[in-house]
Amino acid sequence: MAWSARIEAAGLGEIREKLDARERLSFDDGVRLFTCNDLLAVGWLANRERERRHDDRTFFNHNIRIEATNVCVANCLFCSFARLMPGDKDAYTLSLDDVLHKLRVRAHEPITEVHVVNGLHPDLPFSYYTDLLKGLKQIKPSIHLKCFTAVEIAFFADTFGMSEEQVLRELMAAGLESLPGGGAEVFAERVRRKICDDKCDADRYLRIHRLAHGLGMRTNVTMLYGHIETMEERVDHMMRVRALQDETRGFQAFIPLAFHPDNNQMRKLPPPPASDTLLVHAVARLFLDNVDHVKAFWIATGLDVAQTSLWFGVDDLDGTVQEEKIYHMAGARTPEMMSKAELQRLIRAAGRTPVERDTLYNVIN
Ligand code: SF4
């Protein structure tokens with residue numbers, strides 16, 4: 001069957017016409033894509049959109065990831081990483097020296113980004129975070145610091161009696177250059193009340209990203225999928241991202257994150273199947289017409305699904321990472337790091353062209 005007939009047969013003819021006319025998809029279109037029973041038809045449309053924007057280029061970066069502490073006062077049910085108190089089994093907090101050592105030993109490598117996210121530690125002073133940024137910059141001034149989720153920024157504001165803007169300004173003065181997208185989970189209140197009731201809500205998450213964009217920073221945004229959310233709630237999440245992006249143009253990439261059930265309070269739920277992972281990335285590519293990049297975080301999707309996703313709307317595979325704890329404590333079986341050559345091989349083996357980028361999507365070499 002020709003693709004046009006298959007798209008029609010899948011009930012996606014109208015959506016295809018809208019995409020041809022560069023018209024924005026509606027809430028109902030989003031739900032129709034998520035409930036379509038022909039994954040390949042959705043994927044075909046998403047791939048067409050991906051190639052229109054990026055041809056066969058697939059971006060990645062050479063980065064390291066540091067999770068300085070897993071002590072966290074929040075109790076997100078899906079989280080396998082956090083430990084409530086400093087003395088709890090497997091709880092850790094790195095000294096500043098230990099954090100800086102992680103970059104110092106790799107400083108000779110052509111790393112372009114350090115990505116730092118942490119638990120919400122009740123006792124660390126604000127100077128821990130500013131000194132961490134300053135120390136990283138001192139070791140490698142050219143490094144881009146993408147650190148602290150909006151949830152952490154909200155926590156700093158509450159803990160240290162500062163406004164969110166003040167927190168962002170002081171962190172920027174210490175070297176912060178962009179925010180990662182973690183902590184978005186699913187914006188719908190019904191879901192947040194059940195799975196992450198005691199951390200910053202959706203409006204505050206979005207307000208902090210709006211503030212960051214207003215201060216000149218670029219940020220990413222995520223969506224944790226594959227647990228108790230409905231298809232309508234996924235579309236609602238993407239609509240809120242799209243609306244803020246219309247205002248600020250500050251999001252660089254949308255990053256769906258697969259729920260992993262091991263070692264957390266939602267372990268009775270199964271993980272999302274590969275087909276759902278491909279569908280979420282494909283719908284994101286079609287729905288988020290104002291976000292340039294859809295990223296598959298290979299640590300969470302698995303390597304083979306990440307490769308396949310490059311034909312389902314994805315144009316970015318994150319980075320070399322070097323060390324990852326959050327997903328590995330939740331049962332991820334992927335490696336904790338990949339070399340640049342391995343990432344390039346993975347992308348080429350999927351039939352795409354690897355392009356190394358920096359955090360702001362400037363092409364390197
Ligand atoms: S997801 Fe983040 S905020 Fe929630 S418990 Fe884990 S570390 Fe804490």
- Using the salt bridge (charged side-chain N to carboxylate O under 4.0 Å, His left out) rule, take E189 and R192 through it: C-alpha gap first, then chi angles, then the decisive distance, then the call. CA-CA 5 Å; E189 265 184 36; R192 290 188 97 77; over 6 Å; no

Got a sec: does the [atom1] of [X] have more than 12 other heavy atoms crowding it under 6.0 Å?
X    : atom1 : value
Q265 : CD    : yes
E14  : CD    : no
K18  : NZ    : yes
D198 : CG    : yes

So do the side chains of [X] and [Y] get within less than 4.5 Å of each other, counting heavy atoms only?
X    : Y    : answer
F148 : L171 : yes
S339 : T320 : no
V42  : V283 : yes
K89  : R83  : no
T277 : S309 : no
E8   : W3   : no
R48  : L19  : yes

- Query: Pairs in or reaching into residues 122-141: which pass side-chain hydrogen bond (donor to acceptor under 3.5 Å, both in side chains), with residues at least two apart or in two chains?
  - Reply: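 Listed by first then second residue: K137-E177.
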
- Find out if a path of hydrophobic residues (ILVMFWY) with successive side-chain heavy-atom gaps under 4.5 Å connects M223 to F27.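 In one cluster: yes.
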
- Message: With a 4.5 Å cut-off on side-chain heavy-atom distances among I, L, V, M, F, W and Y, is there a chain of contacts connecting I208 to F160?
- Response: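 Yes; tracing contacts between hydrophobic side chains, which count when under 4.5 Å, links both residues.
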
Are [X] and [Y] ion-paired here, with the side-chain N under 4.0 Å from a carboxylate O?
X    : Y    : value
R204 : D158 : yes
E185 : K199 : yes
D20  : R16  : yes
D246 : R249 : yes
D316 : R357 : yes
D315 : R50  : no

Taking atom types as modelled, is there a side-chain donor on [X] or [Y] under 3.5 Å from an acceptor on the other?
X    : Y    : answer
K340 : H62  : no
Q245 : N290 : no
N263 : S80  : no

- Does the separation of the ring centres of F78 and F259 fall below 6.0 angstrom?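 Aromatic pair excluded; centres sit 6.0 Å or further apart.
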
In the hydrophobic clustering that connects Ile, Leu, Val, Met, Phe, Trp and Tyr at side-chain heavy-atom distances below 4.5 Å, which members other than [X] occupy its cluster, ordered by chain and number?
X    : answer
M85  : L84
Y361 : F59, V355, V363
V105 : none

- Task: Could you check E109 against R106 for salt bridge (charged side-chain N to carboxylate O under 4.0 Å, His left out), going step by step and ending with a plain yes or no?
- Result: CA-CA 6 Å; E109 296 177 24; R106 312 196 80 100; 3.3 Å; yes

- Going through the distances and angles, do D318 and K295 end up as a salt bridge (charged side-chain N to carboxylate O under 4.0 Å, His left out)? CA-CA 7 Å; D318 200 83; K295 185 191 284 192; 3.1 Å; yes

- Task: Take R352 and D56, measure what salt bridge (charged side-chain N to carboxylate O under 4.0 Å, His left out) needs, and give me the verdict at the end.
- Result: CA-CA 5 Å; R352 296 300 199 185; D56 73 347; 5.5 Å; no

- Task: Show your reasoning for whether side-chain contact (heavy atoms from CB on, under 4.5 Å) applies to S275 and L39.
- Result: CA-CA 7 Å; S275 56; L39 172 63; 3.9 Å; yes

- Applying ring-ring contact (aromatic ring centres under 6.0 Å, His included), which residue pairs with at least one partner in residues 174-202 are found, sequence neighbours left out?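 Applying ring-ring contact (aromatic ring centres under 6.0 Å, His included) to every pair that reaches into residues 174-202, excluding sequence neighbours, yields F187-Y205, F187-H237.
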
- Kindly write out the residues that satisfy ring-ring contact (aromatic ring centres under 6.0 Å, His included) with F251, not counting sequence neighbours, or none if the list is empty.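 Partners of F251 under the ring-ring contact (aromatic ring centres under 6.0 Å, His included) test: H209, H213.
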
